[in-house]
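As C-alpha cells, the structure follows; a few thoughts come after it.
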Amino acid sequence: MTWRGPTHRTVDGERVDGVWCHVWRRYPLSDVYYVDDLFVYADGAIKCGGPDLIDLAGLERRLAKGAVAVHDPGAPPDEPPSRWGARYQLCTPESFLLEVADRIDELSGRPTTAQRCHAAIRHYRQEPTEQSREALREAYLAIPAHNRVYVLGDMDRQDRPLRILLTDVGEAVDGDGPVVTEQMHRDVLEYFDEGDHGVTERKAPVYADDPVEAVPAPIVLHNIVYPRGWPEELDLFVLRNNYPAEIHYAGATYSSVHDAYWTLAERHQGDDWPDVRLAVMAGLLRAKFTQHPDLAEFLLDTGNATLSYIDHDESPYWRDAGARGGRNWVGRLLELVRSELSWPTGA
C-alpha cells in the first residue's frame, strides 16, 4: 500500500494533517468495484467517499462487509508461498486496518509499531533475556504483517534476522525454514552490532525550540487494579484520574478527578458538555496537581516523555488505544499541566 501526502482538513480553524492511499470501493447494490481515495487524519478520522467521516471501527466494518477492499476483488488469488521463503506478504483487511492505525499514530506524533519494534530490539541488545525477547516478539507481531519485511531496512535479508531470533533453538523458522541453533542467535546479534539496520535512532530534523536532550521513551500509565486498596508507597499510579486525591474545583469538593468529571458531566447533560469537557478536564487536572505538590513531583519526574494514558473503560477520546487509535487527551493534558508546573512562578 503506497501512502501519499501531505493533505489536511480544517477543524474549528485548526489544521489536521493527513495522508491518503488508493483502495477499492464497491458500488452500492452491486458486485462491481472501482478505485477510490481513502484519507486518514491525525485525529483518527477517516474519509472514503462522500462527506461523512468514520473511525477505525467504521473502516473495520466496511472491510468486513466488502464495501472497501485492499486488492482488486476480481484478480485471481495468488498461490500461498513458503512461509520461510516468502519475502513479501499480501495486505489483508486486518493488516491494512493496523497500517491505518500506524499512519494515525505517525501523524499525531505517537510511536508507530515499527518504531516500537526498533526500541524493543535496542532493549534486547542491552538485556538479552527471555523476557526482553518475548517483548520483542510482541512488538514485531504488532507490525502489520505485510510491512514486517521492511522493518529492518535491509533489502537482502528483509526481516529474516528477527524471524530467526524469535524462533526457539531447535525449532524450524516459520515451520518450513532452517532449524535454529544458538550460533544463529549469536549471528543475529552480531548482525545488529555491525550496522544500524533500521534499529538505531535516525537523525531527525532539529528545530529552534526543540529540547537539547534526547526525548525519552513514552511512559505508559496503565490502569492497574489494586483489590486490597492503593499501595502505601506512591508511584506513577497517582497520575490516574481515579486516584483518591481530594480536589476543590468551582466551589465544590470531590474525592478524585474521576468523581469530579462525572459529577459535572451529569449536571450538564443535554447542554454543551461535548464542547466544554476538554476544558473541564484540564481544569480538574490543574486543581489536582497544584493542590497536591507531592503528587505533582511524580508528574514532574516524567520529564518531557510522552504520556500514554491507558484505560479500557474510558472513551478513546481520553485514552491511548494503541493500534486502534485513541486521542489520548488525558495523557496530553497531563503533559500540559506538567509544562505549566515547570514554568517559574511570575515568569
Side-chain angles (χ1 to χ4, degrees), residues 110-111 116 119-120 122-124 126-127 129-139 142 213-250 252-266 277-278 280-324 326-343:
R110 295 191 294 267
R116 291 195 286 269
R122 290 192 293 272
H123 180 69
Y124 180 78
Q126 296 169 356
E127 299 181 18
T129 63
E130 272 305 304
Q131 184 177 5
S132 59
R133 190 169 75 109
E134 183 59 33
L136 174 55
R137 177 182 286 107
E138 293 179 5
E213 70 277 8
V215 177
I219 293 175
V220 180
L221 304 176
H222 291 286
N223 184 18
I224 301 176
V225 177
Y226 296 99
R228 298 182 180 179
W230 295 93
E232 293 184 5
E233 185 175 349
L234 302 184
D235 204 339
L236 286 179
F237 58 75
V238 303
L239 306 186
R240 305 287 309 178
N241 283 352
N242 60 334
Y243 180 73
E246 188 176 86
I247 60 172
H248 307 285
Y249 181 80
T253 300
Y254 304 94
S255 62
S256 67
V257 169
H258 182 272
D259 173 46
Y261 177 84
W262 286 108
T263 300
L264 293 169
E266 290 176 1
R277 58 178 176 163
L278 189 62
V280 170
M281 183 64 78
L284 292 173
L285 291 173
R286 287 191 184 99
K288 173 180 177 178
F289 293 104
T290 55
Q291 295 170 21
H292 295 277
D294 56 332
L295 306 186
E297 287 301 318
F298 285 90
L299 181 57
L300 289 168
D301 285 345
T302 62
N304 64 336
T306 299
L307 300 180
S308 174
Y309 195 86
I310 306 295
D311 193 329
H312 299 297
D313 295 329
E314 294 284 359
S315 161
Y317 181 82
W318 295 117
R319 60 183 169 91
D320 186 348
R324 300 186 65 84
R327 299 185 67 180
N328 192 37
W329 266 117
V330 172
R332 295 158 71 181
L333 289 175
L334 284 169
E335 293 173 31
L336 172 65
V337 174
R338 179 183 66 193
S339 178
E340 293 172 347
L341 292 171
S342 302
W343 187 249

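- The two atoms that bring Leu285 and Asn241 nearest to each other are CD2-OD1, 3.5 Å, heavy atoms only.
- Looking at Arg240 and Ile224, their side chains never come closer than 4.5 Å, going by heavy atoms from C-beta outward.
- Listed for the Ser308 side chain is no donor-acceptor partner under 3.5 Å among the backbone atoms of Asp320.
- Remark: Phe289 CZ to Leu299 CG distance equals 5.0 Å, nearest 0.5 Å.
- Contact annotation: the side chain of Leu236 approaches that of Thr302 to within less than 4.5 Å [non-hydrogen atoms, C-beta and beyond].
- Rounding to the nearest 0.5 Å places OH of Tyr249 at 9.0 Å from CZ of Arg286.
- Put simply, the side chain of Glu246 never gets that close to the backbone of Thr253: no donor and acceptor are under 3.5 Å apart.
- Taking CG of Leu300 as the start and OG of Ser339 as the end, the distance is 10.0 Å to the nearest 0.5 Å.
- For Glu335 and Arg332, the salt-bridge test fails: no basic side-chain N is under 4.0 Å from an acidic carboxylate O.
- The aromatic rings of Trp230 and Tyr243 sit perpendicular to each other, their planes meeting at more than 60°, with 30° as the lower class boundary.
- Listed here is the closest heavy atom pair of Ile247 and Ala260: CD1-CB, 4.1 Å.
- Rounded to the nearest 0.5 angstrom, Leu334 CG and Thr306 OG1 are separated by 12.0 Å.
- A distance-only check finds a donor-acceptor pair linking the side chain of Ser256 to the backbone of Asp259 [under 3.5 Å].
- Between Val257 and Met281 the shortest heavy-atom distance is CG1-SD, 3.9 Å.
- Under the 3.5 Å distance criterion, the side-chain polar atoms of Arg338 are matched with a main-chain donor or acceptor of Gly303.
- Annotation: the span from Leu336 atom CG to Leu341 atom CG amounts to 9.5 Å, rounded to 0.5 Å.
- Atoms CD and CD, on Glu134 and Glu138 in that order, are 5.0 Å from each other to the nearest 0.5 Å.
- Among all heavy-atom pairs drawn from Leu307 and Asn328, the shortest one is O-ND2, 2.9 Å.
- Ala287 approaches Thr290 most closely through the heavy-atom pair O-OG1, 3.4 Å.
- Aromatic rings of Tyr309 and Trp318 (six-membered ring for Trp) have centroids beyond the 6.0 Å cut-off, not under it.
- Listed here is the closest heavy atom pair of Asp311 and Arg319: O-CD, 2.5 Å.
- Between the side chain of Arg116 and the main chain of Pro111, a donor-acceptor pair closer than 3.5 Å is present.
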